[in-house]
Amino acid sequence: MARYLSNLSKIAVGRERVSLSTMVKYPRVVLGIETSCDDTGAAVVDENGTILGEALHCQKDIHLKSGGIIPTVAQQLHRDNINKVVDQAIHASGISPDELSAIATTVKPGLGLCLGVGLSYSLELVNKYHKPFIPIHHMEAHALTVRLLHPVEFPFLVLLISGGHCILAVVSGVSEFMMLGQSLDEAPGDTLDKVARRLSLINHPECSAMSGGEAIEHLALQGDRMICKLKIPMSHHRDCNFSFAGLRNQVNKVIEQKEAEEGICKGQLLTCVADIAAAVQHTVAHHLAQRTQRAIYFCKKEGLLPTERACLVASGGVASNRSIRRVLQTVTDKSDMTLLCPPPMLCTDNGVMIAWNGIEKLRTGVDVLHNVDGASYEPRASLGTDISKLVRKAAIKVPPIKI
């Protein structure tokens, strides 16, 4: 293990560093298209990091009414809106499609029906305007978005938290990832959404237009988490994997107990919804922090991160949660690291992150396709090299986190 990690650390720390501030006279420009789930996004970004134009169509309101994302509905909404969204982004950029250097599109992972809409549309543009095509891994794009905003150099640690994923990884290059751990069941955003639905928060006067995660965060500010105590998942597992399904089962039992005590039926609002929201949010945050702390210890022990100015990036939709950010800040402060998070509008799915990832790949010549024969999408896709077994074997004990 030591020899293997030694080689990985040399790759991570010894990599030639490329300044992100280098300006070019005629910057290359990429159109990014995102349709992996329930947001139709497009953006035009140049290699200096300037967002020339962007547009987004969010399906949230429609899916809230149906109680969750229905793939066939999401697919049709993408079909109905993709042309308008892309046209808006290009028009706002002030350039013509002929001036694009490449077209980048999310092809993995995601909902297959939705990925297919973006890929088909993009290939039509590629063939029409004779542009290179850059296939994008959705989670790689989330991980690298921060480099659009800050001069973050490789390697760095990233925590990717969303409705579909929960991953800890070391990022050592544009397409070079070492995965330390991931969720063994469901993602934190999925858990928060399901708890919100079980609590019927869409019927709460303050939360009717909010997503499940937004509603939990909003009500948690008003609640007392100590009234509803929940166990932190996987506390005795000395690795960096996550689990949220068991937490959701705990919460469901608490809700059933409270409904019986208050004499109400499923679908009615409990008087203690804010307390439950606070407890759930705290437990999710603590679980994320505990695993991230172990990842930091492991990376420092094995020399996978710089000894000075090491950075933790938190990205993905759940990274918009301010309470979770504060807890992660506690972890990085104690570890003498810097925490960086994209602004909320760039944490959720968007075209900007896809276009920027396209720029990063264009610079390094990675995955730039001039022949798109055989281009396809992948609903399921791993991220980089999985070294989670080495993390588990190291069995690093971490001190309790005081939040």
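Because the structure is a prediction, the values reported are computed rather than measured.
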Enquirer: What residues, two or more places apart in sequence or in another chain, satisfy side chain to side chain contact (heavy atoms under 4.5 Å, CB included) together with Ser235?
Expert: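 For Ser235, the residues satisfying side chain to side chain contact (heavy atoms under 4.5 Å, CB included) (neighbours in sequence not counted) are Ile232, Gln290.
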
Enquirer: Hey, does the side chain of Arg147 reach the backbone of Val152 with a donor-acceptor pair shorter than 3.5 angstrom?
Expert: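 Present.
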
Enquirer: Counting N and O atoms only, with roles assigned by atom type, does the side chain of Asp185 sit under 3.5 Å from a partner on the main chain of Ala245, one being a donor and the other an acceptor?
Expert: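 A pair under 3.5 Å: yes.
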
Enquirer: Rounded to the nearest 0.5 Å, what separation is found between the CG atom of Asp39 and the CG atom of Leu77?
Expert: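 Here the interatomic distance stands at 11.0 Å.
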
Enquirer: Is it true that Arg322 and Glu217 have a side-chain N and a carboxylate O under 4.0 angstrom from each other?
Expert: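 So Arg322 pairs with Glu217 through a salt bridge.
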
Enquirer: Can you name the ring-ring contact (aromatic ring centres under 6.0 Å, His included) partners of Phe244, sequence neighbours left out?
Expert: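 Listed in chain order: His287.
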
Enquirer: Check Lys389 with Asp239, please: is the shortest side-chain N to carboxylate O separation under 4.0 Å?
Expert: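 Judged by the 4.0 Å cut-off on N to carboxylate O distance, Asp239 and Lys389 do not form a salt bridge.
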
Enquirer: Are a donor atom and an acceptor atom from the side chains of Gln281 and Asn321 found within less than 3.5 Å of each other?
Expert: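 Yes, side-chain donor-acceptor contact under 3.5 Å.
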
Enquirer: Using a 4.5 Å cut-off on heavy atoms from C-beta on, say whether the side chain of Val251 contacts that of Thr283.
Expert: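 In short, these two side chains do not touch, never coming nearer than 4.5 Å.
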
Enquirer: Can you find a pair of side-chain heavy atoms, one from Pro97 and one from Ile90, that are under 4.5 Å apart?
Expert: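 Result yes, sub-4.5 Å side-chain heavy-atom pair found.
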
Enquirer: Within the distance-only criterion (no hydrogens, no angle test), does the side chain of Asn357 pair as donor or acceptor with the backbone N or O of Met353 below 3.5 angstrom?
Expert: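 Looks like no, no N/O pair under 3.5 Å.
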
Enquirer: If we count only N and O atoms by modelled type, under 3.5 Å, do the side chains of Asp386 and Ser388 hold a donor and an acceptor together?
Expert: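 Yes, Ser388 and Asp386 have a side-chain donor paired with an acceptor closer than 3.5 Å.
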
Enquirer: Do Lys258 side-chain atoms and Ile276 backbone N/O form a donor-acceptor pair below 3.5 Å?
Expert: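 Answer holds: no.
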
Enquirer: Using only atom types and a distance under 3.5 Å, with no angle test, would you say the side chain of Asn350 pairs donor to acceptor with the backbone of Thr348?
Expert: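 Answer holds: yes.
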
Enquirer: Measuring from atom OG of Ser320 to atom CG of Leu346, what distance do you get when rounded to the nearest 0.5 angstrom?
Expert: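 Separation between the atoms: 9.5 Å.
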
Enquirer: Would you say the side-chain atoms of Asn241 pair up with the backbone N or O of Gln182, donor to acceptor, closer than 3.5 Å?
Expert: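 The answer is yes, because a donor-acceptor pair under 3.5 Å joins these two groups.
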
Enquirer: So, does Asp46 use its side chain to make a donor-acceptor pair with the main chain of Val29 at under 3.5 Å?
Expert: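 The answer is no, because no donor-acceptor pair under 3.5 Å joins these two groups.
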
Enquirer: Is any side-chain heavy atom of Val284 less than 4.5 Å from a side-chain heavy atom of Ile216?
Expert: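 Contact flag for Val284/Ile216 side chains = no.
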
Enquirer: Is the shortest side-chain N to carboxylate O distance from Asp193 to Arg197 below 4.0 Å?
Expert: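 Looking at Arg197 together with Asp193, the answer is no, because their closest N to O distance does not fall below 4.0 Å.
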
Enquirer: Side-chain donor-acceptor contacts of residues 65-76 below 3.5 Å, not counting sequence neighbours, with atom names and distances?
Expert:
residue	atom	partner	partner atom	Å
Ser66	OG	His63	O	3.1
Ser66	OG	Gly68	O	2.8
Gln76	NE2	Asp80	OD1	2.9

Enquirer: Rounded to the nearest 0.5 Å, what separation is found between the CG atom of Leu125 and the OG atom of Ser120?
Expert: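 Separation between the atoms: 11.0 Å.
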
Enquirer: Measure from the side-chain N and O atoms of Thr35 to the backbone N and O of Cys114, and report whether any donor-acceptor pair falls under 3.5 Å.
Expert: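 Flag set: sc Thr35 to bb Cys114 pair under 3.5 Å.
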
Enquirer: Distance-only, no hydrogens or angles: does the Gln250 side chain make a donor-acceptor pair with backbone N or O of Lys231 under 3.5 Å?
Expert: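 It does hold such a pair.
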
Enquirer: Look at the side chain of Glu47 and the backbone N and O of Arg28, then say whether any donor-acceptor pair between them is shorter than 3.5 Å.
Expert: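 Here the side-chain-to-backbone pair exists.
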
Enquirer: Do His138 and Glu34 have side chains that get closer than 4.5 Å, going by heavy atoms?
Expert: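 Yes, close enough: below the 4.5 Å cut-off.
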
Enquirer: Under a 4.5 Å cut-off applied to non-hydrogen side-chain atoms, are Trp356 and Ile51 in contact?
Expert: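 Counting from C-beta outward, Trp356 and Ile51 never come under 4.5 Å.
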
Enquirer: More than 12 non-hydrogen atoms from neighbouring residues, nucleotides or ligands closer than 6.0 Å to CZ on Phe177, yes or no?
Expert: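 Counting neighbours around CZ of Phe177, more than 12 heavy atoms of other residues, nucleotides or ligands fall under 6.0 Å, so yes.
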
Enquirer: Who pairs with Lys60 by salt bridge (charged side-chain N to carboxylate O under 4.0 Å, His left out), at least two apart in sequence or on another chain?
Expert: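 Checked Lys60 against salt bridge (charged side-chain N to carboxylate O under 4.0 Å, His left out); matches are Glu214.
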
Enquirer: Report the distance from atom CG of Leu383 to atom CD1 of Ile167, rounding to the nearest 0.5 Å.
Expert: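 Answer for the CG-CD1 pair, Leu383 versus Ile167, is 5.0 Å.
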
Enquirer: Is any side-chain heavy atom of Lys194 closer than 4.5 Å to a side-chain heavy atom of Glu186?
Expert: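 Lys194 reaches Glu186 side chain to side chain.
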
Enquirer: Report the residues that fulfil ring-ring contact (aromatic ring centres under 6.0 Å, His included) with His286, sequence neighbours left out, ordered by chain and then residue number.
Expert: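 ring-ring contact (aromatic ring centres under 6.0 Å, His included) check on His286 returns His282.
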
Enquirer: Which residues pass the side chain to side chain contact (heavy atoms under 4.5 Å, CB included) test with Glu206, not counting sequence neighbours?
Expert: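 For Glu206 the side chain to side chain contact (heavy atoms under 4.5 Å, CB included) partners, ignoring immediate neighbours, are His204, His218, Leu219, Gln222.
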
Enquirer: Are the side chains of Glu54 and Ser93 in touch, meaning some heavy atoms are under 4.5 Å apart?
Expert: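 The answer is no, as the side chains (C-beta and beyond) never meet within the 4.5 Å cut-off.
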
Enquirer: Between Pro344 and Arg325, is there a side-chain heavy-atom distance shorter than 4.5 Å?
Expert: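 With C-beta onward as the side chain, the pair touches.
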
